[in-house]
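This one's a predicted model, so the numbers in the text were calculated from it and none came from an experiment.
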Amino acid sequence: MAGAAMTTTFLAVIGGASLLAVTARRLHPGDRLPSLEGWALADRGLGAGWTWLLLGGTVYTAYTFTAVPGLAYGNGASAFFAVPYTVIVCPLAFVLLSRLWEVARRHGYITAADFVRGRYGSPPLALVVALTGILATMPYLALQLLGIRAVLTAGGLYPPGAAGDLAMVAVFAGLAVATYRHGLRAPTVIAALKAVAVFVSLTAVCWLVLDRFGGPGAVFDGAARALGGTDPAHSPLVLTPGQQPAYATLALGSALALLMYPHVLTAGFAADGARTLRKVSAGLPAWTALLALFGFLGIAALAAGVRAPAGGAEAAVPMLVDRLMPGPLAGLVFGSIVVGALVPAAVMSIAAATSFVRNVYVEYVHPTATPKRQVRVAKAVSLTAKLGAVAFVFGLRDQDAINLQLLGGVWILQVFPAVAVGLYTRWLHPRALLAGWAVGMAAGTYLVVREGFSSIVPLVAGSLEIYAGVAALVLNLAVAVAATPVLARLGVPRGPDATDLPSRPRAGRRPPTGANNA
């Protein structure tokens with residue numbers, strides 16, 4: 001009976017998401033001609049409420065809600081890097097995302113590569129920014145499906161063999177169709193259901209955990225004992241001095257990388273104003289609190305004696321939910337996490353398709369493509385991206401997707417100098433930025449692969465461990481800064497600046513009023 005009740009509740013949540021997707025066309029439907037801006041950015045018409053739902057639902061993915069507690073379950077304190085990381089994102093979004101929105105709206109930019117193309121007048125630099133974004137997004141999209149599968153398997157809702165695969169495809173297919181027809185509006189309306197379902201279900205799970213153990217102190221004590229910690233002064237739930245540099249650089253690097261992902265920028269560009277984005281950035285910590293509670297549930301799974309399968313720590317929280325909660329509430333939790341995967345998956349596919357159309361197809365294949373044709377191609381690429389993610393999940397090991405996503409985080413961080421630094425200064429030469437990008441990509445990939453696909457790598461003869469993405473970014477910036485004066489002295493020309501942003505004035509000189517330094 002409990003299994004039937006859980007399945008019924010789960011299907012009700014998924015059905016509700018499907019019904020909401022059908023109503024997406026009612027969200028600012030308008031009667032404009034088809035355009036990529038309308039399909040991919042909802043005509044930049046989302047107010048503060050919708051933007052908060054979409055941006056939070058996009059940034060906080062279902063895999064995050066399973067991987068972070070899974071990391072807490074397996075490694076203890078280090079998992080909570082995600083909390084300061086998502087806190088750091090808020091002021092960065094307040095400053096960077098709102099400023100980038102203003103430039104993008106003024107010039108009709110839809111992607112970060114559009115901005116780079118206009119700022120530096122360099123098609124090759126814009127191309128590598130676009131391709132890096134697509135390359136980093138695809139394994140991230142596949143991980144959303146892995147999150148769905150992990151949740152359904154732990155809850156006994158994923159039948160073995162082809163039946164389970166078909167069930168997951170069916171869950172994903174409804175969103176794919178809605179996204180194909182309505183673009184960003186589909187995940188926007190589903191994000192409302194995601195927020196309500198996740199907040200309600202997580203509150204219920206935490207209340208049950210605290211009620212069973214008698215308070216948070218008992219939960220942490222039980223988890224410390226499960227991890228083998230008998231000395232309170234050296235608890236595995238407390239960072240050691242040697243772990244602190246890795247923890248700090250992982251939090252900082254992840255925050256910088258997150259705002260460079262195409263799907264996050266797509267969600268941000270859909271806002272109706274820079275002021276809206278600043279309001280939303282101030283409200284994002286509510287989602288961070290949600291993530292912290294999921295991390296706490298990983299600790300609770302340890303204390304409860306949950307035995308996750310080897311290599312499958314992300315199943316710890318779903319297994320805890322299945323053990324503690326009655327069937328209907330467990331179905332609500334599982335349905336919430338699955339819906340939580342559908343929102344970012346849809347935005348990721350839209351962002352990847354938009355980057356391809358704007359910065360590859362129109363730039364190099366069909367420069368005279370009409371807006372209608374651009375939308376048609378973007379829809380096809382978006383659908384192809386989803387099908388590719390499904391094929392990836394079914395055709396390769398889960399660890400392959402995880403490894404590629406780890407590399408994706410390192411890779412996307414290497415576009416930070418061109419995009420974020422370019423918002424404030426044009427001093428760096430585009431060819432120097434290209435060279436820095438190449439060095440950062442090569443160094444980051446080498447460091448991660450050398451350590452067996454670990455994002456934490458040892459430096460200084462093994463005495464210091466830091467996030468590989470930060471190490472690669474430092475090399476990237478060093479090359480770009482060193483090469484810029486060399487290229488200037490050699491007289492290598494720059495492209496024109498099509499934005500209204502000022503470049504950094506020369507030291508000791510005040511630029512003329514209203515000057516637009518190219």
Side-chain angles (χ1 to χ4, degrees), residues 88-89 91-104 106-107 109 111-133 136 249 252-262 264-265 268-269 274 277 281 355 359 409-444 467 469-488 492 494-507 511 516-518:
I88 295 170
V89 164
L92 286 176
F94 188 94
V95 175
L96 295 180
L97 202 54
S98 59
R99 184 176 176 88
L100 189 56
W101 184 95
E102 291 175 338
V103 182
R106 187 181 306 124
H107 298 283
Y109 299 153
T111 68
D114 286 348
F115 165 74
V116 170
R117 177 72 166 85
R119 181 62 161 159
Y120 295 99
S122 172
L125 184 59
L127 179 63
V128 300
V129 168
L131 293 180
T132 303
T249 55
L252 176 62
S254 298
L256 297 178
L258 182 66
L259 292 179
M260 297 297 104
Y261 273 106
V264 176
L265 294 176
F269 284 171
L277 275 176
S281 300
S355 294
N359 307 117
V410 174
W411 292 337
I412 199 64
L413 190 52
Q414 306 316 309
V415 308
F416 188 86
V419 179
V421 176
L423 279 170
Y424 296 94
T425 177
R426 197 172 174 264
W427 180 78
L428 293 172
H429 197 286
R431 295 195 184 183
L433 287 167
L434 269 173
W437 169 85
V439 169
M441 291 285 284
Y467 177 41
V470 169
L473 178 62
V474 170
L475 288 174
N476 182 342
L477 286 168
V479 170
V481 170
T484 291
V486 174
L487 292 170
V492 178
R494 298 169 177 262
D497 182 5
T499 68
D500 301 327
L501 292 170
S503 295
R504 191 186 72 173
R506 294 181 182 178
N516 185 17
N517 190 348

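Side-chain contact check for Leu423 versus Phe115: some heavy-atom pair is nearer than 4.5 Å. Side-chain contact between Leu97 and Leu265 is present, with heavy atoms from C-beta onward closer than 4.5 Å. Counting only heavy atoms from C-beta outward, the side chains of Leu127 and Asn359 never approach each other to under 4.5 Å. Considering only heavy atoms from C-beta on, Val410 comes within 4.5 Å of Tyr467 through its side chain.
The minimum heavy-atom distance linking Ala483 with Ala432 is given by the pair CB-CB, 3.7 Å. Across every non-hydrogen atom of Leu433 and Pro417, the tightest pair is CD2-CB, 3.8 Å. In this structure, Val116 and Ala418 approach most closely via the heavy-atom pair CG2-O, 4.1 Å. Across all non-hydrogen atoms, the minimal contact from Pro485 to Trp427 is CD-CH2, 4.1 Å. Scanning all heavy atoms of the two residues, the minimum distance from Ala112 to Val419 falls at CB-CG2, 4.2 Å. The minimum heavy-atom distance linking Met260 with Ala420 is given by the pair CE-CB, 4.3 Å.
Atom CG of Leu475 is separated from atom CE of Met441 by 14.0 Å, given to the nearest 0.5 angstrom. In this structure, CG in Leu413 is found 11.0 Å from CG in Leu259, a value given to the nearest 0.5 Å. Rounding to the nearest 0.5 Å places CG of Leu277 at 11.5 Å from CG of Leu96. Distance check, rounded to the nearest 0.5 Å: CG of Leu428 to CZ of Arg119 gives 10.5 Å. Atom CG of Leu473 is separated from atom CH2 of Trp437 by 14.5 Å, given to the nearest 0.5 angstrom.
Remark: the backbone N or O of Arg426 is paired with a side-chain donor or acceptor of Arg494 at under 3.5 angstrom. Under a 3.5 Å cut-off, the side chain of Thr484 and the backbone N or O of His429 do form a donor-acceptor pair. No donor-acceptor pair closer than 3.5 Å links the side chain of His107 to the backbone N or O of Tyr109. Remark: the backbone N or O of Thr499 is not paired with any side-chain donor or acceptor of Arg106 at under 3.5 angstrom.
A cation-pi arrangement is present between Arg99 and Tyr424 under the rule of less than 6.0 angstrom and at most 45 degrees off the ring axis.
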